[in-house]
Amino acid sequence: MAGPALLGRGAIVRPGQHPPSWVGDAPRFVVDARVVADPGTIVDRLHRLWVARQPYVVELAVDPRELQAPTSSTAPVHSHDPRFLFGLDRLAYLVWANTVDCRGDEPTWWHTVKATRALPSLTAGGHADVTLPDGRPAWIDGGPREPLDLGTVVLHRDDTERGRMALPTNRPLAPTRGLAPDQAAAVTAPGGAVRVAAPAGSGKTRVLSARIEEVLGVRGVPADSVLVLAYNTKAAAELRERCPVPGARVATVHAHALGLLRRHLGDVEVLGDRDVRRILSGLVEVPRRANVDPMQAWIDALERVRIAMVAPEEVEKDHDEVEGLAEVFLAYRDQLARRNAVDFPEMVHRAIELLLTDPAVRAAEQDRVGQVLVDEFQDLTPAYLLYIRLLASPQLQCFGVGDDDQVIYGHAGATPSYLLHFDTLFPGATDHPLTVNYRCPAPVVEGAVQLLGNNKVRLDKVIRPRDGAPDEPITVHRLDRHAEARTVGDTVQGWFDDDVDPTDIAVLGRVRVALLGTQAELSTRGIACRSPIGEWLLARTGVRAALAYLRLASDDHLSGEDLAEVLHRPLRPIPGSMKDPLRRRAWTVESLGRFVDGLDGGGPRRALQDFVRDIEVLRRRALRQPTAEVLRYITDVVGLGDVAESLDHHAVAGGGAAGASHIDDLQALIQVADHCTEAARFPQFLTDVVAQPDPDGPAVTLSTIHSVKGLEWPKVVVVGAAEGISPHRLATGSAELEEERRVFHVAITRASQQLVVVAPTTGTSRFVAEMEGKPALVGRSAAPRPSAGAVTTRKARTPVRKAGRAASSTPRYRASVGLEVKAPGGLAGAIESVTEEGALIRTARGSLLRLKYGSEVRVDGTLGTLVSP
Ligand SMILES: Nc1ncnc2c1ncn2[C@@H]1O[C@H](COP(=O)(O)OP(=O)(O)OP(=O)(O)O)[C@@H](O)[C@H]1O
């Protein structure tokens with residue numbers, strides 16, 4: 001009955017009963033009412049022994065039916081620890097899984113009893129547990145599912161219980177797999193849970209698809225008890241394609257969750273963004289506020305509760321724009337339930353809820369998941385982790401492949417700690433790290449190692465280049481920002497001249513708009529590229545306003561629409577009744593001035609006159625200054641930069657640094673404006689750049705870093721390696737900074753032959769120095785978040801004081817690049833460049849400020865005058 005020692009069978013005994021001699025001095029666990037009430041005290045220990053096939057003795061001091069009591073949890077999903085599991089389910093499994101029942105006169109191996117019931121062609125007994133129809137003896141294993149070299153057929157109880165007789169094929173893995181020794185060790189790792197922590201380019205996809213083949217094709221595990229979870233539909237399709245064994249179940253977490261819901265709730269409808277907004281508009285009073293999309297804040301907040309599993313009260317505390325979220329959350333979900341509908345986050349949330357509350361659903365779904373293989377394990381959010389563990393319970397046989405150095409979805413709750421503490425999530429897990437980066441040139445691998453060495457929360461790991469990896473050094477261009485796009489253009493052109501295929505080239509940016517300059521440059525040169533920037537950019541609030549200002553600055557007629565667009569950007573204390581007549585027709589500056597002067601009403605009229613003066617100044621500037629200068633004036637002096645900061649503050653409620661930043665939009669416009677120096681032509685120029693349809697033929701790829709996980713190109717250019725962009729200014733706190741470093745790491749490790757990094761001379765990203773192994777130069781941390789509140793009032797105009805007005809005894813500060821100064825009004829930053837007239841300051845918020853010589857400034861807190869170098 002005990003079978004060979006390798007099977008690791010234990011025993012169940014009555015209270016006080018001596019265990020059978022074959023268990024030796026195996027540890028003994030009493031399962032009494034106290035343990036049933038709190039199984040957490042022993043399940044992890046039992047689990048580890050079960051995985052290791054170390055026999056244990058269970059002294060069963062309760063009626064076995066108590067272990068079968070249905071368990072559920074009706075507490076809100078988000079109130080669960082993402083590590084939550086039903087202890088009693090696990091206890092019941094581990095008590096019976098691999099133990100011989102010795103309580104009666106004769107020991108009973110219940111798996112034989114069940115197997116012969118479900119498979120009448122089997123005969124109990126013989127030289128093993130059962131005899132197969134062909135006369136061969138076979139053991140029925142109750143341990144973790146893995147190949148056992150016993151010289152006898154081994155069936156698994158997971159199959160025999162279900163009336164299946166799955167036999168391992170013992171066919172070797174396809175030789176085309178070409179696995180390196182560390183990869184092969186991971187692929188053929190035994191059962192139980194397996195963590196494959198693997199650096200970029202180490203062949204994770206190859207390992208995962210080979211493991212699917214190993215499990216299904218070699219070990220003969222039926223495809224319908226194996227679930228493979230990929231991180232997006234594209235990755236799922238790739239895995240399906242690369243796996244030579246038909247029938248593998250590969251899905252994304254969301255697709256699987258939707259399938260689960262439809263199995264149990266019928267025809268569940270999936271709602272799109274428009275439906276979601278419609279439902280929400282019936283639940284929340286959204287004040288019509290300028291410069292924010294308040295509904296998006298609600299959508300983001302509802303997602304945060306369900307995917308990051310943050311209590312609504314907590315989300316509400318952080319973000320005042322979703323006041324009452326706790327009630328809205330309930331009402332919103334109630335509406336979804338009434339329609340039997342889900343939005344995207346609800347798929348997983350509702351599926352978890354079903355698993356928690358309905359033991360029958362849970363049992364049925366767990367039945368379908370004997371083992372789970374998870375790609376990009378590092379991307380799991382708390383909700384995904386909970387979902388996967390509930391499905392994979394009680395065996396918890398998870399093959400998790402991932403790289404803690406590629407966690408880049410922190411805003412959704414992803415954290416390196418799940419990979420770091422894999423063994424506590426999946427007890428008894430074995431470790432099969434990969435160490436070789438097969439993709440990148442040796443200097444890139446070394447650069448990545450140096451860069452990552454600055455992160456504290458990560459697995460200690462060996463990462464090395466493959467033997468014979470190319471020695472192509474990393475090229476870092478430190479340039480004036482204006483030269484960035486041209487240099488990218490020259491680089492790409494150079495590769496073209498060397499006959500590099502366009503599809504072998506990628507230009508990567510931390511945010512989409514960081515690619516705008518490149519897109520303009522490449523299209524000017526007639527180089528086809530596929531870019532994430534499209535006409536949506538023209539609809540972004542700050543861009544819309546900037547273009548409207550430019551038209552007002554250069555068109556003969558001031559369109560009413562453009563006036564309406566900018567009148568509240570920044571907010572001006574002008575009542576709607578005064579603005580309305582302005583919107584209704586086109587004006588000349590003169591007619592507008594006369595109209596405004598003729599209005600009644602003190603303050604508001606003055607504010608309108610101010611507005612008209614702004615337009616007049618802009619028009620004068622547009623006549624003599626290039627577009628970039630006019631845009632800078634609109635941003636820094638008219639106050640559109642403040643509007644953008646306010647918008648970014650609201651974005652933080654949702655995506656944090658991952659959300660699109662309006663400051664970035666304005667900076668990108670300024671940068672791309674070098675391509676079109678005439679302000680009057682710029683709006684059309686920009687439209688032409690962004691409205692180009694995707695080319696049909698081969699093209700250079702332009703992409704954000706977040707969209708290129710898992711991909712590689714021979715030639716990669718990383719643009720915008722600047723403080724404020726990378727690390728992003730919206731990333732505050734050390735955890736977010738570490739994530740920004742990981743994002744940069746993902747970018748550089750996409751290159752398989754050559755990596756080029758483009759950085760500004762002033763404000764170079766600290767990551768460049770770290771990658772080069774130099775001490776981090778960081779003088780200032782990522783800029784603080786803009787202060788709370790809606791759109792700020794207008795910023796004081798750039799002070800332009802005559803030199804003589806500062807007291808002659810005050811210090812004179814010679815303008816020099818890098819000098820940290822604080823201007824009146826509180827704006828502070830480092831001098832980025834000096835001209836004949838003054839200095840350009842890059843503020844801590846990332847915007848640009850011009851200060852003329854003679855302006856009052858503070859340096860190290862002391863007031864003085866800025867003078868020419
Ligand atoms: N054993 C091997 N020998 C040679 N090349 C290999 C080997 N394993 C993988 N590669 C190659 O290394 C490259 C990286 O593989 P893959 O894309 O699977 O890596 P990854 O670990 O998923 O990387 P990332 O996490 O950065 O996306 C691919 O070009 C792959 O073909």
Side-chain angles (χ1 to χ4, degrees), residues 173-188 194-214 228-232 234-243 250 373-380 399-409 414 416 419 432-442 444-445 447-449 451-452 458-459 461-470 503-504 506 508 701 703-716 718 741-755:
L173 277 180
T176 48
R177 285 287 174 204
L179 297 168
D182 56 349
Q183 295 173 326
V187 168
T188 55
V194 182
R195 174 178 74 178
V196 184
S202 58
K204 288 189 278 293
T205 319
R206 190 180 286 213
V207 165
L208 194 73
S209 55
R211 177 72 173 190
I212 302 171
E213 188 189 354
E214 162 80 13
V228 185
L229 292 173
Y231 69 101
N232 65 20
K234 200 165 152 220
E238 191 192 340
L239 273 177
R240 264 184 232 114
E241 196 182 304
R242 282 174 69 161
C243 179
V250 187
L373 290 81
V374 183
D375 190 14
E376 305 280 5
F377 190 91
Q378 77 281 353
D379 287 344
L380 298 185
F399 187 85
V401 186
D403 181 2
D404 54 308
D405 291 324
Q406 291 187 58
V407 174
I408 58 174
Y409 297 120
L419 255 182
H432 288 275
L434 306 182
T435 54
V436 179
N437 176 328
Y438 290 98
R439 174 186 298 141
C440 305
V444 174
V445 179
V449 170
L451 173 79
L452 293 169
R458 65 186 292 257
L459 280 172
K461 59 172 90 72
V462 174
I463 309 176
R464 56 193 170 85
R466 73 177 148 89
D467 291 341
T503 55
D504 285 345
L508 309 179
T701 300
S703 176
T704 63
I705 302 165
H706 279 87
S707 308
V708 295
K709 266 160 55 72
L711 304 179
E712 65 182 48
W713 289 265
K715 309 280 183 187
V716 169
V718 178
R741 192 173 279 118
R742 293 190 292 264
V743 174
F744 193 74
H745 158 247
V746 169
I748 63 173
T749 53
R750 298 307 98 195
S752 61
Q753 284 177 12
Q754 195 176 357
L755 172 67

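We count ligands from 1, going down the list as the structure has it; atoms in each ligand are counted the same way. Please read all numbers here as calculations on a predicted model, not as lab measurements.
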- Item | Qualifying residue for side-chain hydrogen bond (donor to acceptor under 3.5 Å, both in side chains) with Asp404, from Arg458, Lys461, Gln378, Arg742 | Lys461

With distance as the sole test, does [X] use its side chain to make a donor-acceptor pair with the main-chain N or O of [Y] at under 3.5 Å?
X	Y	result
Arg750	Glu712	no
Lys204	Pro199	yes
Asp375	Ala235	no

Against heavy atoms of [X], which atoms of ligand 1 measure under 4.0 Å?
X	value
Gly178	1 (N)
Arg750	24 (P), 26 (O), 27 (O)
Thr205	18 (O), 22 (O)
Ala180	1 (N)
Gln183	1 (N), 2 (C), 7 (C), 8 (N), 9 (C)

- Query: Heavy-atom contact under 4.0 Å between Arg466 and ligand 1?
  - Reply: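 No, that is not the case, since the closest heavy atom of the residue is not under 4.0 Å from the ligand.
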
Which protein heavy atom lies closest to [atom], and at what distance to 0.1 Å?
atom	result
atom 29 (O) of ligand 1	Glu712 OE2, 2.9 Å
atom 4 (C) of ligand 1	Tyr438 CD2, 3.6 Å
atom 17 (O) of ligand 1	Arg439 NH2, 3.1 Å
atom 27 (O) of ligand 1	Gly710 CA, 3.0 Å

- What about Gly201: any of its N or O atoms under 3.5 Å from an N or O on ligand 1? yes

- Item | Shortest heavy-atom approach to atom 15 (O) of ligand 1 - which of Gly203, Ala184, Ala198 | Gly203

- Item | Candidate with minimal heavy-atom separation from atom 7 (C) of ligand 1, of Arg206, Lys204, Gln406 | Arg206

Distance-minimising heavy-atom pair for [X] and [Y]:
X	Y	result
Asp403	Ala200	OD2-N, 3.3 Å
Val445	Arg464	CG1-C, 3.8 Å
Val746	Gln406	CG2-CG, 3.8 Å
Thr701	Trp713	OG1-NE1, 3.6 Å

- Task: Report the part of Lys709 in contact with ligand 1, treating N, CA, C, O as backbone and CB onward as side chain, heavy atoms under 4.0 Å; options are side chain, backbone, both, neither.
- Result: neither

- Item | Those residues that, when tested against Asp379, pass side chain to side chain donor-acceptor pair (under 3.5 Å) (two or more places apart) | Lys709

